[in-house]
Amino acid sequence: MQPLPTYDDVAAAAGRIAGHAHKTPVLTSRTADAELGATVYFKCENLQRMGAFKFRGAFNALSKFSAEQRRAGVVAFSSGNHAQAIALSARLLGIPATIVMPHDAPAAKVAATRGYGGQVVVYDRYKEDREQIGRDLAARHGLTLIPPYDHADIIAGQGTAAKELFEEVGELDALFVCLGGGGLLSGSALATRAFAPRCKLYGVEPEAGNDGQQSFRSGAIVHIDTPKTIADGAQTQHLGALTFQIIRRDVDDILTATDAELVEGMRFMATRMKLIVEPTGCLGFAAARRVAPSLAGQRVGVLISGGNVDLTRFCELLVGG
Ligand SMILES: *Cc1c(COP(=O)(O)O)cnc(C)c1O
């Protein structure tokens, strides 16, 4: 078992990504404050390079490659944003990248991955095992496999977003973070416990795929079938061995949001805050709205994780919802 990353790793990651990743803005909305009866700080990773926080972990992980690893290249499997993050980070660092993507990944994400110079290998997400495909490619070509969440350097990199949030706004009473495989949540947990030990930290996942909630409450990692939800960034089937240990130790609870609540969140972000947020990126805000009575008078952080959504899809969701 790999050792768990600590807050020191998050701080070191912040040094590595400085000057490469954006320090994203923290936005506020009087309408959101009024609705929740709280002071809400939105950390806008939809405005991060390539449109999601995943650039942080990917750039941190690739920055640590040896000369030999850099020459051979990196392989990643991803439903989208991790793929783009690896492809872009690899290009910036001069490393060849091979990306294993599902056949039904959003067109914008596939195109962007190719645009960043990544070589794309497609698989059927309902039939084939992407981890096995990734491992085979790594073995055959000597590539280094960087998984989307269960890796100490990925977790440490993702934690830099919450670190920036606390450095900018100070202590919070509660922080809501989107949850897929748990890289963002476990990294955020390391930062939260360093900056705001008493802050309530919540992971939020799609109601249709609440494996994280089941795992958290039962004390063992629960595996589920690929859930059908519009939150494509959180269609993971299970938490990671590393992410689960940190989440169990440092997170207060796992909450859920329905697809309808995510669409309402997208509508709010677009109309009130002039932000394009992908469905997965609205998980945190949707849960905060649901538990609003318990947040009265508090200082609340909401991590908006990404903004990569086809514009047609975005419009269809808002009209259909
Ligand atoms: C990957 C992703 C998530 C989930 O992150 P994990 O580290 O897998 O928990 C949430 N939102 C967006 C936009 C993502 O790309």
| Salt bridge or not for Arg56 and Glu45, using N-O below 4.0 Å? | yes
| task | Would you name the heavy atoms of Leu175 and Val302 that are closest together and state the gap between them? | result | CD1-N, 4.1 Å
| Trace of the side chain to side chain donor-acceptor pair (under 3.5 Å) decision for Gln245 with Arg248 | CA-CA 5 Å; Gln245 287 181 68; Arg248 253 183 111 176; over 6 Å; no
| task | Give a yes or no answer on whether the side chain of Ser215 reaches the backbone of Val222 with a donor-acceptor pair at less than 3.5 Å. | result | yes
| said: Do Leu303 and Ser188 have side chains that approach each other closer than 4.5 Å (heavy atoms only, starting at C-beta)? | reply: yes
| message | Closer than 4.0 angstrom, basic N to acidic O: yes or no for Arg272 and Asp33? | response | no
| query | Is there a donor-acceptor pair under 3.5 Å between the side chain of Asn81 and the backbone N or O of Lys54? | reply | no
| request: Report yes or no: do Tyr149 and Leu88 belong to one cluster of Ile/Leu/Val/Met/Phe/Trp/Tyr joined by side chain heavy-atom distances under 4.5 Å? | output: no
| message | Could you tell me if the side chain of Thr39 sits less than 4.5 Å from the side chain of Thr28, heavy atoms only? | response | no
| field | Derivation of the side-chain contact (heavy atoms from CB on, under 4.5 Å) call for Arg289 and Phe268 | value | CA-CA 11 Å; Arg289 284 176 125 176; Phe268 183 94; 3.5 Å; yes
| query | Checking Ser66 side chain against Gln69 main chain: does a donor-acceptor pair fall under 3.5 Å? | reply | yes
| Among Val177, Asp250, Ile247, side chain to side chain contact (heavy atoms under 4.5 Å, CB included) partner for Ser186 | Ile247
| query | Under 3.5 Å, is there a donor-acceptor pair between the side chain of Gln237 and the main chain of Ile224? | reply | yes
| said: Is there a path of hydrophobic side-chain contacts, each under 4.5 Å between heavy atoms, that joins Met273 and Leu311? | reply: yes
| Ala189 and Val251: which non-hydrogen atoms are nearest, and at how many Å? | CB-CG2, 4.3 Å
| query | Which atoms form the tightest heavy-atom contact between Ala286 and Ala257, and what is the distance? | reply | CB-CB, 3.7 Å
| How about Pro5 and Ile246: do any of their side-chain heavy atoms sit closer than 4.5 Å? | yes
| message | Apply side-chain contact (heavy atoms from CB on, under 4.5 Å) to residues Leu255 and Arg290 and explain how you reach the verdict. | response | CA-CA 10 Å; Leu255 311 173; Arg290 218 196 246 193; over 6 Å; no
| said: Tell me if the aromatic rings of Phe195 and Tyr7 count as close, with their centers under 6.0 Å from one another. | reply: yes
| query | Looking only at heavy atoms, which two atoms of Met101 and Gly80 are closest? And how far apart? | reply | CE-CA, 3.9 Å
| With under 30° as parallel and over 60° as perpendicular, where do the rings of Tyr202 and Phe176 fit, or are they tilted in between? | parallel
| request: Give a yes or no answer on whether the side chain of Arg49 reaches the backbone of Ala85 with a donor-acceptor pair at less than 3.5 Å. | output: no
| note | To the nearest 0.5 Å, atom CG of Leu185 lies from atom CG of Leu283 at 11.5 Å
| request: For residues Arg70 and Leu93, determine if any side-chain heavy atom of one lies less than 4.5 Å from a side-chain heavy atom of the other. | output: yes
| message | Can a donor-acceptor pair be found, under 3.5 Å and without considering hydrogens, that links the side chain of His82 to the backbone of Ile146? | response | yes
| note | Taking every heavy atom of Val309 against every heavy atom of Val277, the minimum-distance pair comes out as CG1-O, 4.3 Å
| request: Determine whether Tyr123 and His103 make a side-chain contact, defined as any pair of heavy atoms from C-beta on separated by less than 4.5 Å. | output: no
| query | Is Glu264 salt-bridged to Arg267, cutoff N-O under 4.0 Å? | reply | yes
| Is it true that the side chains of Asp129 and Gln132 contain a donor and an acceptor less than 3.5 Å apart? | no
| query | In terms of side-chain geometry, is the basic nitrogen of Asp124 or Lys127 positioned less than 4.0 Å from the acidic oxygen of its partner? | reply | yes
| message | Between Lys200 and Asp253, does any side-chain N to carboxylate O distance fall below 4.0 Å? | response | no
| remark: Interatomic distance, CG@Asp211 vs CD@Gln235, rounded to 0.5 Å, equals 11.5 Å
| request: May I ask you to decide if Ile86's main-chain N or O and Ser89's side chain share a donor-acceptor pair within less than 3.5 Å? | output: no
| task | Report yes if some heavy atom in the side chain of Pro279 is under 4.5 Å from a heavy atom in the side chain of Asp259; otherwise report no. | result | no
| request: Measure the spacing between CZ of Arg71 and CD1 of Ile95 and express it to the nearest 0.5 Å. | output: 11.5 Å
| task | Test Thr98 against Val74 for side-chain contact (heavy atoms from CB on, under 4.5 Å), laying out the working first. | result | CA-CA 6 Å; Thr98 304; Val74 60; over 6 Å; no
| said: Do Tyr41 and Val300 make a side-chain contact, defined as non-hydrogen atoms from C-beta onward lying under 4.5 Å apart? | reply: no
| said: Given 3.5 Å as the limit, does a donor-acceptor pair link the side chain of Ser218 with the main chain of Gln214, or not? | reply: yes
| request: Could you go through the side-chain contact (heavy atoms from CB on, under 4.5 Å) check for Glu205 and Thr236 one step at a time? | output: CA-CA 10 Å; Glu205 62 187 352; Thr236 38; over 6 Å; no
| field | Donor-acceptor contact present, side-chain Thr24 to main-chain Gln48, <3.5 Å | value | no
| message | I'd like to know if the side chain of Asp150 and the backbone of Leu242 have a donor-acceptor N/O pair within less than 3.5 Å. | response | yes
| query | Atom CG in Leu172, atom CZ in Phe166: separation rounded to 0.5 Å? | reply | 5.0 Å
| request: Compute the centroid of each ring, for Phe42 and then for Phe285, and state whether the two points are separated by less than 6.0 Å. | output: yes
| message | I'd like to know if Glu168 and Lys23 make a salt bridge, using a cut-off of under 4.0 Å between side-chain N and carboxylate O. | response | yes
| field | Carboxylate-amine/guanidinium proximity below 4.0 Å for Arg299 and Asp173 | value | no
| said: Looking at every non-hydrogen atom in both residues, tell me the closest pair between Ser63 and Arg16 and how far apart they are. | reply: CB-CD, 3.9 Å
| said: So Thr243 and Ile155, do their side chains get closer than 4.5 Å, heavy atoms only? | reply: yes
| task | Working to the nearest 0.5 Å, report the span between CD of Gln84 and CZ of Arg114. | result | 12.0 Å
| Criterion side chain to side chain donor-acceptor pair (under 3.5 Å) on Asn60 and Gln158, from CA distance to verdict | CA-CA 9 Å; Asn60 182 51; Gln158 317 307 32; over 6 Å; no
| What is the distance from atom CG of Leu275 to atom CG of Asn46, rounded to the nearest 0.5 Å? | 5.0 Å
